[in-house]
Amino acid sequence: MKILLVALNAKYIHSNPAVYSLKAYAYKMLDLRKEDSIEIAEFTINDRYEDIIAGIIERHPDMIGFSTYIWNSEMMKSVMKDIRLIDPSIKLFAGGPEASNDPLCFLEYTDIVLLGEGERNFTLVADCFFNGKEIPVTEYDGILTRDYKDRLVPSEMPQSEMDQIPFLYNKLEEFDNRIIYYESSRGCPFRCSYCLSSLDRHVRVRNMDIVLQELKFFLDKKVKQVKFIDRTFNFSKERALKIWSFIKENDNGITNFHFEIGADLLSDEEIELLSSLRTGLVQLEIGIQTTNNDTMKEIRRVADNNKILDNVRRLRKNYNINIHTDLIAGLPFEDYESFRRSFNDIYPLYADQLQLGFLKVLKGTYMHLKKDEYKLVYMDHQPYEVFSTKWLSYEENLKLHKIADAIELFYNSQLFRNSLKYMERWFDSPFDMYEALAAFLDEKKLSHIGINARKKYEILIDFALEKLEGVKIREVKDIIRFDEMLHMHPNRKMTADDHFFIDGKDRHIEFDYENKNVVTKEVSWKEI
């Protein structure tokens with residue numbers, strides 16, 4: 001008898017910690033001995049569909065569990081339907097956020113839906129399956145079946161003890177060239193109305209001794225990246241300081257750690273510690289989302305945006321931490337002009353990545369309950385992204401999508417830092433510059449096509465010459481050529497023959513390629 005846990009990841013470099021956690025927990029609690037009693041099959045949404053079906057059936061499972069998320073649920077439904085056609089004798093169940101928050105929909109495709117956290121639910125199902133017992137769904141809040149689909153679903157599901165969950169990465173070779181996802185806490189102290197994490201009202205943590213032991217394992221093995229999936233990593237100052245201090249003291253010069261944080265929660269002590277880390281040791285994801293106070297209040301965010309902006313500026317001083325900031329378009333009380341202001345408030349932080357995202361109306365969230373009041377028009381399938389709101393028209397939303405594409409192509413590629421700072425001078429605000437750049441791409445029919453790095457340099461020169469009134473042709477070409485030389489020819493050293501005409505003067509610029517810093521006193525590129 002075999003249970004197969006199926007994951008459909010967005011990319012090959014991703015892994016699915018949920019299915020590994022289900023398997024490890026069940027093996028521990030049920031004391032399973034056969035290695036193949038529970039197997040894992042990971043695919044990506046970009047794999048050939050026929051290969052996914054074949055990859056499942058060829059493993060000869062007797063029961064299959066599907067891990068459902070916003071990026072894979074539609075494909076998962078198709079897979080479930082076709083597996084049922086091929087072999088109706090196979091028992092099917094689904095879990096994960098999508099199945100948990102729309103269980104009746106998934107019961108059309110499966111026999112069982114696991115609600116909430118999966119470890120305890122799955123272990124019960126596995127125990128009953130291997131021992132030929134009926135699942136006691138009438139007594140267990142975390143499971144729905146077709147026979148009991150009309151029973152009330154409780155607001156709070158059974159939860160696992162964090163310290164009981166086994167370490168997932170003892171077989172590290174299975175994760176070669178893939179991101180390691182690590183969880184030291186579950187739940188979120190905040191109640192953002194658009195986020196499923198707001199449904200888990202209790203933050204639970206893994207014992208610190210266990211966490212440090214597991215982080216030491218990653219450091220000793222010199223894994224490339226460990227991505228913490230804690231929803232607000234620094235909700236506890238003491239806990240954050242211990243972990244950041246530990247990875248500093250045990251830094252192997254290779255491993256990078258990713259954390260999602262609340263920047264307004266950072267203390268002076270935490271900022272001082274973070275500022276002392278090796279360049280590349282840590283990267284921070286900071287969800288700012290909006291700077292509109294009315295919007296903040298409506299979506300139940302309690303963050304202090306002034307403190308966020310100030311703390312991020314302090315973190316940027318040493319340029320030792322990769323910082324990723326997020327904005328969300330389509331939130332209540334945020335119209336096009338309000339979003340422009342939010343963008344202009346955040347852009348001068350010059351984060352390494354600026355993600356312009358769009359509201360997703362997820363079932364189970366408070367935002368979903370308010371959809372009629374907010375006049376939310378959104379996709380009726382994954383990813384449930386908003387088309388328009390009471391405050392933002394479809395045409396304005398489409399315009400923001402084109403601006404987001406321009407930001408992704410030029411800003412987030414990190415190829416044009418000097419050129420973009422130079423071009424800002426011709427516009428009233430950074431948003432105006434990207435608005436103009438998006439319109440230029442649209443006008444030249446360059447939107448929605450693959451554009452390589454060389455073509456991007458050419459596009460930026462054409463944009464500057466056409467749209468920047470009074471720009472000096474040699475000057476703009478030289479500053480873009482400087483960026484091109486920096487990023488496309490990293491091993492080429494500049495010589496005395498390399499001249500750049502900047503700010504009306506012919507300059508020779510020497511560049512420290514290892515640290516990516518200009519070392520001459522004539523010009524400071526960070527000030528351009």
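Because the structure is predicted, anything quoted here is derived from the model rather than measured.
Using cut-offs of 30° and 60° for the angle between ring planes, the Y411 and Y347 rings count as tilted. Ring geometry for F431 against Y336 counts as perpendicular: the plane angle is over 60°, on a 0 to 90° scale with 30° as the lower cut. Ring orientation note: the planes of F259 and F233 are tilted relative to one another, at an angle of 30° to 60°. Between H401 and F358, the ring planes are parallel. Angles under 30° get that label, and only those over 60° would be called perpendicular. In this pair, F167 and F218 present their aromatic rings tilted. The plane angle is within the 30 to 60° band.
Put simply, the side chain of Q353 gets close to the backbone of N412: a donor and an acceptor are under 3.5 Å apart. A distance-only check finds no donor-acceptor pair linking the side chain of T232 to the backbone of G262 [under 3.5 Å].
Between K2 and D36 there is no salt bridge, since none of the side-chain N atoms of the basic residue sits less than 4.0 Å from a carboxylate O of the acidic one. Between E396 and K399, no side-chain nitrogen of the basic residue sits less than 4.0 Å from a carboxylate oxygen of the acidic one, so the salt-bridge criterion is not met. Ion pairing of D304 with K307 is absent here, as no side-chain N (NZ or NE/NH1/NH2) approaches a carboxylate O to less than 4.0 Å. Salt-bridge check for D352 with R316: passed, with a basic side-chain N closer than 4.0 Å to an acidic carboxylate O. Using a cut-off of 4.0 Å between Lys/Arg side-chain N and Asp/Glu carboxylate O, E183 and R186 are scored as salt-bridged.
In this structure, F333 and S338 have side chains that are not in contact, with every pair of non-hydrogen atoms separated by 4.5 Å or more.
With values rounded to the nearest 0.5 angstrom, Q283 atom CD is found 12.0 Å from I261 atom CD1. Atom CE of residue M76 and atom CD1 of residue I52 lie 8.5 Å apart, to the nearest 0.5 angstrom.
Of the N and O atoms on the side chains of T290 and E334, at least one donor lies less than 3.5 Å from an acceptor on the other residue. Under 3.5 Å, the side chains of D326 and Q355 contain no donor-acceptor pair of N or O atoms. For the residue pair N9 / E42, a side-chain donor-acceptor distance below 3.5 Å is found, with atom types taken as modelled.
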For D230 and S185, run side chain to side chain donor-acceptor pair (under 3.5 Å): C-alpha distance rounded to whole Å, both residues' side-chain angles, the deciding distance at 0.1 Å, then the answer. CA-CA 5 Å; D230 303 37; S185 68; 2.7 Å; yes
Could you check L196 against T365 for side-chain contact (heavy atoms from CB on, under 4.5 Å), going step by step and ending with a plain yes or no? CA-CA 6 Å; L196 286 173; T365 63; 3.7 Å; yes
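Heavy-atom neighbours of Y49 OH from other residues, nucleotides or ligands within 6.0 Å: above the threshold of 12. Around atom CD of E50, more than 12 heavy atoms belonging to other residues, nucleotides or ligands sit under 6.0 Å away. The environment of K81 atom NZ is sparse: at most 12 non-hydrogen atoms of other residues, nucleotides or ligands sit within 6.0 angstrom. The 12-atom threshold is not exceeded at CG of D428, counting heavy atoms of other residues, nucleotides or ligands nearer than 6.0 Å.
Within the structure, salt bridge (charged side-chain N to carboxylate O under 4.0 Å, His left out) contacts touching residues 376-388 (residues at least two apart or in different chains) are K360-E385.
A ring-ring contact (aromatic ring centres under 6.0 Å, His included) with Y20 is found for exactly one of F175, Y25, Y181, namely F175.
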